[in-house]
Amino acid sequence: MSKVIISCAVTGAVHTPTMSPHLPVTPDEIATQAIEAAEAGAAILHLHARYPEDGRPSPDPALFMQFLPRIKQSTDAVVNITTGGSWTMTLEERLAAAERASPELASLNMGSMNFGMFPMLGKYKDFKFGWERELLEGSRETIFRNTFADIEGILERLGKGHGTKFEFECYDTSHLYTLAHFLDRKLVTPPLFVQSIFGILGGQGADSETLMHARRTADRLFGGDYHWSVMASGKHQLRLGTMGALNGANVRVGLEDSLYAGKGKLATSNAEQVRMIRSIVEQLSMEVATPEEARQILALKGGDQVGF
Ligand code: KMH
Ligand code: ZN
């Protein structure tokens, strides 16, 4: 059985400051939590930036450059930069940080979709900042755009241009078929790193049948050409991550995907979630991959080939 790669998605663009005081916002908070997550066992750090004054998702490469060098100096972890950003950003904005940083790994979302965050509005009476309600409300009518041309452009600019490999974000079975299309055209190179995402409103559900269907479909489409990873949102994070690990997957955790560490208990840090999944993986007699092992498994260009 191969080792389990733990990814940690440190802050994202989905949750907002009102929802948890532990959500990292400033470059210093993002760096500190990312470094702790790596020390706890995350081999990959998936990163977004936020404006330090109010926590709004930001595409600004200058903000990324405030935490990327610090993370590189303090850890050996693989840095994975978002190209999904937030649905409020243009494709150019979404690509700016990754093009600046030339990372080993970047996310690549495999289809346009509804991305319903508005149900979270019911959980909070007041928000600290006006943009929070606006963002959640806006998800009723905004499309998270990832057309064939968008995907091809990112493959060309980041993949070909920078030797960056991808965390292919697949929120639905259909996204696996889209990835297979790009494999057929030889626009993506194995080994593929396929992140199956469960429990986003607008994407596939977070249940065991859907998880196994994703695995069967990926096996059929990619055979031995892929490494699978599982990410589930909110309360499903640890349960589906565990189910995935038991079925040969790598696992992604982090405050981008869930703010919790157990029922009703806010996670106090990203590292806490990493420790939880690591402990489960090890108790199940599996081993966690080091960053160097993750680089080998995913055939990454190397931590000395990045632009930060
Ligand atoms: N927020 C997650 C559901 C990206 O950054 O490209 C997926 C994600 C997208 O991480
Ligand atoms: Zn992300």
Side-chain angles (χ1 to χ4, degrees), residues 6-16 19 23-24 30 33-34 37 42 44-50 56-59 63-64 67 78-91 93-99 101 103 105-120 135-136 139 142-147 150-151 153-155 157-159 164-172 175 178-179 193-206 214 229-237 240-241 244 250-259 270 273:
I6 299 179
S7 292
C8 181
V10 175
T11 188
V14 167
H15 294 123
T16 71
M19 299 174 185
L23 183 71
I30 291 170
Q33 287 218 27
I44 298 177
L45 300 167
H46 169 83
L47 297 164
H48 294 236
R50 293 176 183 270
R56 199 157 49 88
S58 168
L63 281 171
F64 281 81
F67 54 76
V78 173
V79 165
N80 165 355
I81 308 250
T82 181
T83 68
S86 162
W87 55 85
T88 55
M89 299 170 192
T90 64
L91 188 68
E93 287 173 329
R94 285 163 50 181
L95 262 170
E99 285 201 310
L105 202 58
S107 62
L108 181 45
N109 295 270
M110 293 313 288
S112 301
M113 60 188 288
N114 294 332
F115 201 112
M117 305 314 305
F118 57 88
M120 289 197 284
L135 184 84
L136 300 178
S139 73
T142 316
I143 292 166
F144 182 33
R145 180 194 151 139
N146 298 287
T147 65
D150 293 344
I151 294 169
I154 295 175
L155 289 172
R157 285 165 64 174
L158 266 184
T164 297
K165 292 205 77 173
F166 297 97
E167 174 195 4
F168 294 105
E169 314 272 11
C170 297
Y171 303 76
D172 192 271
H175 295 174
T178 298
L179 181 53
F193 185 38
V194 175
Q195 189 72 257
S196 281
I197 299 178
F198 302 91
I200 298 289
L201 180 61
Q204 64 200 346
S229 183
V230 165
M231 180 234 123
S233 64
K235 64 183 176 198
H236 308 293
Q237 183 180 67
L240 260 75
N250 304 287
V251 186
R252 171 168 139 172
V253 293
L255 299 194
E256 168 164 350
D257 306 327
S258 166
L259 293 170
N270 278 274
Q273 291 180 346

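One-based numbering along the sequence shown. The figures here come from the full heavy-atom set of this structure, side chains too, leaving out hydrogens, waters and symmetry mates. Numbering of ligands and ligand atoms starts at 1, following listing order.
- Heavy atoms of Asn109 found under 4.0 angstrom from ligand 1 belong exclusively to the side chain.
- Close approach of ligand 1 to Arg252 is summarised as follows: ligand atoms under 4.0 Å from at least one heavy atom of the residue are 2 (C), 7 (C), 8 (C), 10 (O).
- Residue Glu256 has at least one heavy-atom neighbour below 4.0 Å for each of these atoms of ligand 1: 1 (N), 2 (C), 5 (O), 7 (C), 8 (C), 10 (O).
- Considering both main-chain and side-chain atoms, Asp257 never comes within under 3.5 Å of ligand 1 through any nitrogen or oxygen pair.
- For residue Glu169, no N/O/S atom approaches the Zn ion (ligand 2) to within less than 2.8 Å.
- Of the angles at the Zn ion (ligand 2), the one spanning NE2 of His46 and OE2 of Glu256 is 120° when given to 10°.
- Close to ligand 1: His46, with a non-hydrogen atom less than 4.0 angstrom away.
- Two residues are said to be in side-chain contact when any heavy atoms from C-beta on lie closer than 4.5 Å; Val253 and Ser258 fail this criterion.
- No side-chain donor from either of Asp257 and Gln237 sits under 3.5 Å from a side-chain acceptor of the other.
- For the residue pair Asn146/Arg94, the side-chain donor-acceptor check at 3.5 Å is satisfied.
- The His48 neighbourhood of ligand 1 comprises atoms 5 (O), with distances under 4.0 Å to a heavy atom of that residue.
- Side-chain contact between Asn114 and Leu201 is absent, with no heavy-atom pair separated by less than 4.5 Å.
- Close approach of ligand 1 to Thr82 (heavy-atom distance below 4.0 Å) involves ligand atoms 4 (C), 5 (O), 6 (O).
- Side-chain atoms of Thr83 come within 3.5 Å of backbone atoms of Ser107 as a donor-acceptor pair (strictly under, hydrogens ignored).
- Atom 7 (C) of ligand 1 has Tyr171 OH, 3.1 Å as its closest protein atom, hydrogens excluded (heavy atom only).
- At least one side-chain heavy atom of Glu169 sits less than 4.5 Å from a side-chain heavy atom of His46.
- Short contacts between ligand 1 and Gly84, defined as distances under 4.0 Å to a heavy atom of the residue, involve ligand atoms 4 (C), 6 (O).
- Contact check for Asn109 versus Asp150: no side-chain heavy atoms found under the 4.5 Å cut-off.
- The shortest distance between side-chain heavy atoms of Ile44 and Ser229 does not fall below 4.5 Å.
- Near Phe115, with a cut-off below 4.0 Å to any heavy atom, the atoms of ligand 1 are 3 (C).
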